[in-house]
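The block underneath contains the structure these notes are about, expressed in structure tokens.
Because the structure is a prediction, the values reported are computed rather than measured. Residue numbers begin at 1 in each chain, while the letters A, B, ... track the order of the sequences.
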Amino acid sequence: MTTEYFHFLGILGVAFFAVSGTLLGHEKKINGFGVVVVACLTALGGGTIRDVVLSQPIFWISSPDYLLSTYAAIIGTILFIRYMPPLSNYYFIFVDAVGLAIFNIMGIEKALIEGTGMIIAITMGMTTGIFGGLMRDVVCREIPLVMQGDVYASACLAGGLTYAALFSLDAPYAWCILGSVVVTVVLRAGATRWGWRVNLFKKRQAAPSDKEQ
Amino acid sequence: MTTEYFHFLGILGVAFFAVSGTLLGHEKKINGFGVVVVACLTALGGGTIRDVVLSQPIFWISSPDYLLSTYAAIIGTILFIRYMPPLSNYYFIFVDAVGLAIFNIMGIEKALIEGTGMIIAITMGMTTGIFGGLMRDVVCREIPLVMQGDVYASACLAGGLTYAALFSLDAPYAWCILGSVVVTVVLRAGATRWGWRVNLFKKRQAAPSDKEQ
Amino acid sequence: MTTEYFHFLGILGVAFFAVSGTLLGHEKKINGFGVVVVACLTALGGGTIRDVVLSQPIFWISSPDYLLSTYAAIIGTILFIRYMPPLSNYYFIFVDAVGLAIFNIMGIEKALIEGTGMIIAITMGMTTGIFGGLMRDVVCREIPLVMQGDVYASACLAGGLTYAALFSLDAPYAWCILGSVVVTVVLRAGATRWGWRVNLFKKRQAAPSDKEQ
């Protein structure tokens, strides 16, 4: 049953990220099949890096479902954009946050199955969650979301710790997933809404000399 | 014989992309060995990703011919730039298009040999063709060619479909290759010359509110 | 003993690059855990690509020491930045150069152990040394150090040739390492101090028409 959950989560995750890639591509006025390239990169990039690093077969080569889900999400989003009223940027943040939360869990899970320790598993979760969106932003010449100083990698980390905590309490698998996704998405959405920030360099940021530098 | 063709195509493909990387590096005023780095990334990047994703040994580690071809093309291009009249930008587009066409075929071919279905094979062809140039453009801080909205990924896709069609008609191998390369290069060159575009978001692009956004 | 040296060098190399990633992240005003992401990418990126290309298990998955060293270096640098006087940019150049020199050697060494020829080994050394910093600069939207035309890839190449020369003269392992690191760091620091450059395109650069282009 775990495997089925895992497969379903993956199908869902690539679809969310494919939507986010298509939305950003459209916003950046990329037209033609370049949008498909950036959406595929977003949807499949993080998981590909995860599988490469864990020396596993690449997930979208093993099962064509992932590619079909990606292409279906891209086509759906393009049709939506063509025929429906424009969406606010908030939907982009939300879709990206759900993709982040799902891939975070999948990275942790797959690393644990490979028998790594928890510190490596949490690092792999963040890698899987963050890198698809990071490559999307780099290719679109945006300031990467993860570098903008909002709660992003922190939300991912909090979701990962939630998953680890629930898992070690022997909570049912669906609860572990749901708890982790809710924590990540709520932190990310709340941070965007109310401007929460995590300051690691508090002292320097507050200094008046900061502007000159 | 197929293996020989394949090897020869690869040698040719890396040379074309090495030239395109050197040309862009020169245009961006990168001097010193940074040009060699960007040219190697362009020439070897797409195929490296292909081999990693297909869990194959990396092509330029298995056979040193590819590295020698890359370095020879870089040195030749540098000498040409130093001692010959400047080239128009059109040559860059052409060289990049031939590299794209060749690597597209090689990606499809190698995926099919690994036993993947046609949808994955065509995706792998586009990955192999597009990613070397994409990394070149990202590292040089250019708007990636594939994101500029000209016919680029579309030309790659058309070349891939041509290859698949000729292949399934049992055409001789040389014809499959030639047909696919001609389709890709002609579409790409024609699009650059006459400004052909593929519009996926027709409705929004035509809207007058587009400018404000 | 060679294995121990190798392990120790790796621990040291990731720490240097983690410091350089944290420093650049701070300079670019990335706050929150985005800094951790960019520092990890810098510290682990080059070696990860090396291991993937050589079809080896990824070094930081096999042994958690590397991740611990990375995180310790990040935390140390953050504390230093918070509570100590600001550092000049020269420290960043120096730390980056030491990381470059160490990973250069590790790439060459690991390729030779895998039985590749010297031309592939030197290419792998440059890949390992350069790519962590290259990804750091791309993600931070800086002009990559390796593309700025200073002595960078050239210093890496000179360090690699020094290592190869000392190695073939049967010098003790510690001397090979020390000689190579000194050559790379001195060339890099000297180039920054006195503006040395390697000009591959001398003729065009000197031309008066250069400005218009």
Checklist entry - What is the minimum heavy-atom distance between S55(A) and P57(C), and which atoms define it? => result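 What the structure gives for the nearest pair is OG-CA, 4.4 Å.
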
Chain A heavy atoms under 4.5 Å from [X]: which part of the residue, side chain, backbone, both or neither?
{"X": "V35(C)", "answer": "side chain"}
{"X": "L41(C)", "answer": "side chain"}
{"X": "V38(C)", "answer": "both"}

Checklist entry - Considering residues, nucleotides and ligands other than F94(C), do more than 12 of their heavy atoms fall under 6.0 Å from its CZ? => result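 Atom CZ in F94(C) is not crowded, with 12 or fewer foreign heavy atoms closer than 6.0 Å.
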
Checklist entry - Would you find more than 12 non-hydrogen atoms of other residues, nucleotides or ligands less than 6.0 Å from F167(C) atom CZ? => result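 Not more than 12 within 6.0 Å, no.
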
Next on the checklist: Before you tell me yes or no, could you show the steps for I130(A) and F33(C) under side-chain contact (heavy atoms from CB on, under 4.5 Å), namely the whole-Å CA-CA distance, both residues' side-chain angles and the distance that decides it to 0.1 Å?
Outcome noted: CA-CA 12 Å; I130(A) 288 172; F33(C) 278 85; over 6 Å; no

Checklist entry - When T48(C) is tested against each of V53(A), I49(A), V52(A) for side chain to side chain contact (heavy atoms under 4.5 Å, CB included), which residue passes? => result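 The passing option is V53(A).
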
Item to check | Greatest number of heavy atom pairs closer than 4.5 Å to chain A - which of V37(C), D51(C), V138(C), L68(C) | outcome: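 The residue among V37(C), D51(C), V138(C), L68(C) with the greatest pair count is V37(C).
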
Name the region of [X], side chain, backbone, both or neither, that has any atom closer than 4.5 Å to a heavy atom of chain C.
{"X": "I119(A)", "answer": "both"}
{"X": "T116(A)", "answer": "side chain"}
{"X": "M124(A)", "answer": "side chain"}

Item to check | Rounded distance (nearest 0.5 Å) linking atom CD1 of I61(C) with atom OG1 of T123(A) | outcome: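 Reported to 0.5 Å precision, the distance equals 8.0 Å.
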
Item to check | Donor-acceptor contact present, side-chain R141(C) to main-chain P144(A), <3.5 Å | outcome: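 Here the side-chain-to-backbone pair does not exist.
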
Checklist entry - Going through the checks in order, is the side-chain contact (heavy atoms from CB on, under 4.5 Å) test met by M126(A) and V36(C)? => result CA-CA 11 Å; M126(A) 294 182 71; V36(C) 179; over 6 Å; no

